[in-house]
*Asks:* 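Input: one structure, supplied below.
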Amino acid sequence: MRRMRSTCLAINAVLLLAVVPSAARTRPHYGGVIRLQTRATALESDQLRSLVAESLTLLDGRGQVHPLLADHWESQNGGRKWQFAIHPHVSMHDETLVTGALVAQILTANRAVVPWRRVQGAESTVTFECDSPVSNLPALLASGDFAIVKRNDDGVLIGTGPFRVVTAAMTNATLEANANYWHGRAYVDRVEIAGSRPVRAQLLDLGVGRSDVVEVPGEFLRRAQQDHLRITDSAVGELVLVSVAPSITDPNLRRAISLGIDRAALANVVFQKQGQPASGFLPNAMTGYGMLFPPAFDIAQARDLRSRTSYIPVLTIGYDAADPTMQLAAERIALNARDIGITMQAMPQNQSFSPTLRLLRVSLPASDPAACLSELLRDLAGQNILAASDLGELYQQERELLEQSQLIPLVHLPAAVASSDRVRDREKLREPRGVADVWIEERR
Amino acid sequence: MNLRQRLLLMFAVVVILVVGSVSWIVANRARRAFDQVEQQRTAALASQYRTEFERQVQEVARDLSRLSSGERMQRIALELSRGGDTSAFVNEAASVAQEYGFDFLDLIAADGTIISSAEWPAHFGYRFALPTEGRQAGASLHVFELPTRSAVALAASQKVSIGETSMYLVAGRSVDRALLQSFVVGQSSYLWIYLIQGNQLTQANLLGDPTIDLSKVSALVKSAEAGSETSGAVQLSPDRFDTATVQSVLLRDDLSRPAVVLLIGTSRRPLLELQQQIRAAAFGIAGVGILLAVIASLWLAARFTRPIEQLAAASRELAAGHWDTRVDIDSNDEVGELAQAFNSMVSDLAENRDRLVQVERVAAWRELARRLAHELKNPLFPLQLTVENLSKAKRLAPQEFDEIFKESTETLLAEIGNLKTIIGRFSDFSKMPKPQLQSVSLNEAVSRAANLYQAQASQLAKPVTLNVQLADSVPVVLADPELLHRVLSNLVLNAIDAMPDGGSIALRVRDDVERGVIEVSDTGCGLTPEERDRLFTPYYTTKGHGTGLGLAVAQSVISDHHGSISVQSEPGHGTTFTIHLPKRAAETKA
């Protein structure tokens, strides 16, 4: 019996020895390099910006606003005046202390289109004054557009984020962990970002271990799943849309183009059934009112509107030459246009070519509908949508925008990232700045 | 053009026509023979290129068969048979087409909708006319739709079936320059391809080397498109030998629509060079022929025309007054007869002339005798009467006799004087002096005559005025001034006599290039045509007095100066005498 007990103790000890190292490997630890790849240039990529720069507030995936550089805030005068208290003892990467005055200075200098009339900074507070009530200003300030960031003489971004820029070029950027990050140091020591990488190349690199985190656009999700990649859905999706040049002044023509595009074919075939035909700018899951918009594809009405157009120029639709999916989509749109009697030519975009239509794939930047639409339109059309205090008002504003057909939404796409098995806590990658929260475990 | 030149021209034309006709016939026969050979050659080439097209199409069909039986297409067909999502294969055609070297590849579902298109990826979901829908199955030409145009391809279609599910594959290789270059084109032959797209012909659709302007073959393309395969000559470059006979061959697509026109050309250089040689030979022969013809015609023309020219020369001699002229032609033909007739005619003319001269001489003597009798008769009658009076007066008292004797003596002397005058005039006429030529200004001569008779004319009971119109450029002639003055004086006096009721005389001098002209006009009663015709006849006069020798003398003088005198007159409209005197060596003084 004693022998048996001894034997059991020995087995337990062996098992314990076997289990302890295993448990140690799953515990987060500092160190390592994480390699990211993106279709955008490294210098302008969302990853770089989100890891280096921070805004006053933060929107989570559910659209909830959280404090970030601002500790708390309050509104006065029915949302016309907002005061944000700055988190104390936050320094930028160049050791400059973040104060209300610095925030006001950066926000005043950064953007031409802003939702406020005046911003004033004090020692620990910053005050926004608006012409009309802006009830969702905290959500709007979560946008990367209003990040508290500046550039040094070399054009390098200097922010308050968990990483700071070591080198930055168009194709490659290297970030290192900010040891004095006010919210706690990131796990990984360094982030290497390879930019201007086509999706297929990214997936290949991930497969052969040359990358740790790669983008998986919607149309590649099925293939990625079939290939059993480690997929993490992104909190923000994408919108594929057409931007019509202001030179196309005839609203009937713009509307005809919009109604003539078979969005279902785009979503089902071009985007491999991963997208949803878009009748509005914001996905129905975000607003809940998407189904209220009329069907976006009506070829009979499109032909009727086209017939009411006196002069139809030869149209061109430009697409990103580095994105084969967008090329296919652009050619399909040109084919749809031909079906309603409009001559349209799909051409890759470049600096010397100014198309009458542009096919764009943009990230839906926020989970808050008003903030998302506001940022979307600010980026695409230089417009400021601020007044929506509730969903009903936002619906009206979006409907008016849709009727103008200057921007024609086509497909809502999910987005995801695929990561290598070195990356731990990969669910954190749902957020763009989630790289700061993952850790690396080297293979043994 | 004289007879000799005409004969020469006629011979030359005949020779040229003959040589040219022969050359044309030879060249034409040669061209026809070449055309026949060319047609056979072009037909052989057309057959060869048709075969080559078919071979290329079969190659496409073989590759497509390999593709359809491959694992990739079988997997897709299997997926579809299991109700798989066609959208997963939307990019499949492009990658497969690249692998198999197809320019066109369409994966088509059983219902005819395009699953994937290599040439137009965005065309998915659209319908494609399947072989079962009127197309010819298997391999043929096919017109693929592209975003901005259509393209002709050597195409093949294949059905892939898994169980009861089917899928169609349509693949093609573009009919383009690359395909054209893969064809073996023989020496001295050409191959162009015209791709039929749309209603208008465009240069861009004409493929082949050397590049030619579409307008040169557009007629061939159009007729072929309309179903009539024709041929024609096409100039390939400015070099005139660089032409080709081009035959059009129409190829239709799998829907039996005109798709491609093959333009098969064979160089015409050998034919043209041969034609050139024939033409050069013809020209050489023609040149030699013409030269020989010229020589022969010269000889023949000389042989034919020399007697005629002798006759012409003899005629001119005869006209010049050489009545002893004879033609010496010794031949028995028509020309010889003509010469004998000429000689006989000249002999007859000479005899007749002599006879006529004798007759005229007799007539002249008779006229002279008549005139002498008339002239002498007038003074003789008073003489007779005076002598008879003297005889009678002898019987009168001496005092009366003396008176009568004195009167008679005066009368006799006067009449004898008249007789002397008459005899003197006849003597003067017979002794017309030879002109002493010297340079004479007609203006001066006319002025002199006018000045002489100006006063006399103005002092008449019915005065006559003299108007002188001199020439601006003074004509100078070689003449005897005294004889000329005598002529002008005669004309002026005649004019004064012709105007007993007064009037005017115009003396005009003109310069008529090679001659000096003097006109003497009066406003008298004019002349009848009979008077006018006989005016210059010696001893003819219209006046009651005068010998009728004045104008005869004037004509004689002017004739001795190699000039001419003429008269224009109508009754009641005055008379104008016109004298033409040659300037000869004399120059015109400014």
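All chains are named by letter (A, B, ...) in the order of the sequence lines, taking the proteins before the strands, and each is independently numbered beginning at 1.
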*Asks:* Return yes when atom NZ of K216(B) has more than 12 non-hydrogen atoms of other residues, nucleotides or ligands closer than 6.0 Å, and no otherwise.
*Replies:*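 More than 12 heavy atoms, drawn from other residues, nucleotides or ligands, come within 6.0 Å of this atom.
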*Asks:* Does K159(B), at its NZ atom, have more than 12 non-hydrogen atoms belonging to other residues, nucleotides or ligands within less than 6.0 Å?
*Replies:* no
*Asks:* Side chain from CB out, backbone as N, CA, C, O: work out which of these in A334(A) comes under 4.5 Å of a heavy atom of chain B, or both, or neither.
*Replies:*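 Nothing of A334(A), per the 4.5 Å heavy-atom cut-off to chain B.
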*Asks:* Heavy-atom pairs under 4.5 Å with chain A - which of V90(B), N91(B), T86(B) has more of them than the others?
*Replies:*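 Sorted descending by pairs with chain A, the first entry is V90(B).
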*Asks:* For L146(B) and R338(A), work out which heavy atoms get closest and say how close.
*Replies:*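 The pair with the smallest heavy-atom distance is O-NH1, 3.9 Å.
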*Asks:* For atom CZ of R200(A), is the number of surrounding heavy atoms from other residues, nucleotides or ligands below 6.0 Å larger than 12?
*Replies:*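 No.
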*Asks:* Identify which of N336(A), V269(A), N268(A), L266(A) forms the greatest number of heavy-atom pairs closer than 4.5 Å to chain B.
*Replies:* V269(A)
*Asks:* Heavy-atom count check: over 12 atoms from other residues, nucleotides or ligands less than 6.0 Å from Q225(A) CD?
*Replies:*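 Correct, the count exceeds 12.
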*Asks:* Drop me the distance from E219(A)'s CD to S87(B)'s OG, to the nearest 0.5 angstrom.
*Replies:*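 Between atom CD of E219(A) and atom OG of S87(B) there are 12.0 Å.
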*Asks:* Assess whether atom CD of Q276(A) is packed by more than 12 heavy atoms of other residues, nucleotides or ligands within 6.0 Å.
*Replies:*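 12 or below, so no.
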*Asks:* Calculate, to the nearest 0.5 Å, the distance between atoms OH and CG belonging to Y126(B) and L335(A) respectively.
*Replies:* 3.5 Å
*Asks:* Could you tell me which non-hydrogen atom of A122(B) sits nearest to which non-hydrogen atom of R332(A), and how far apart they are?
*Replies:* O-NH1, 2.7 Å
*Asks:* Is atom CZ of R358(A) surrounded by more than 12 heavy atoms (other residues, nucleotides or ligands) closer than 6.0 Å?
*Replies:* no
*Asks:* Should E331(A) and P147(B) count as side-chain neighbours, where that means a heavy-atom distance under 4.5 Å?
*Replies:*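 Answer no - side chains too far apart.
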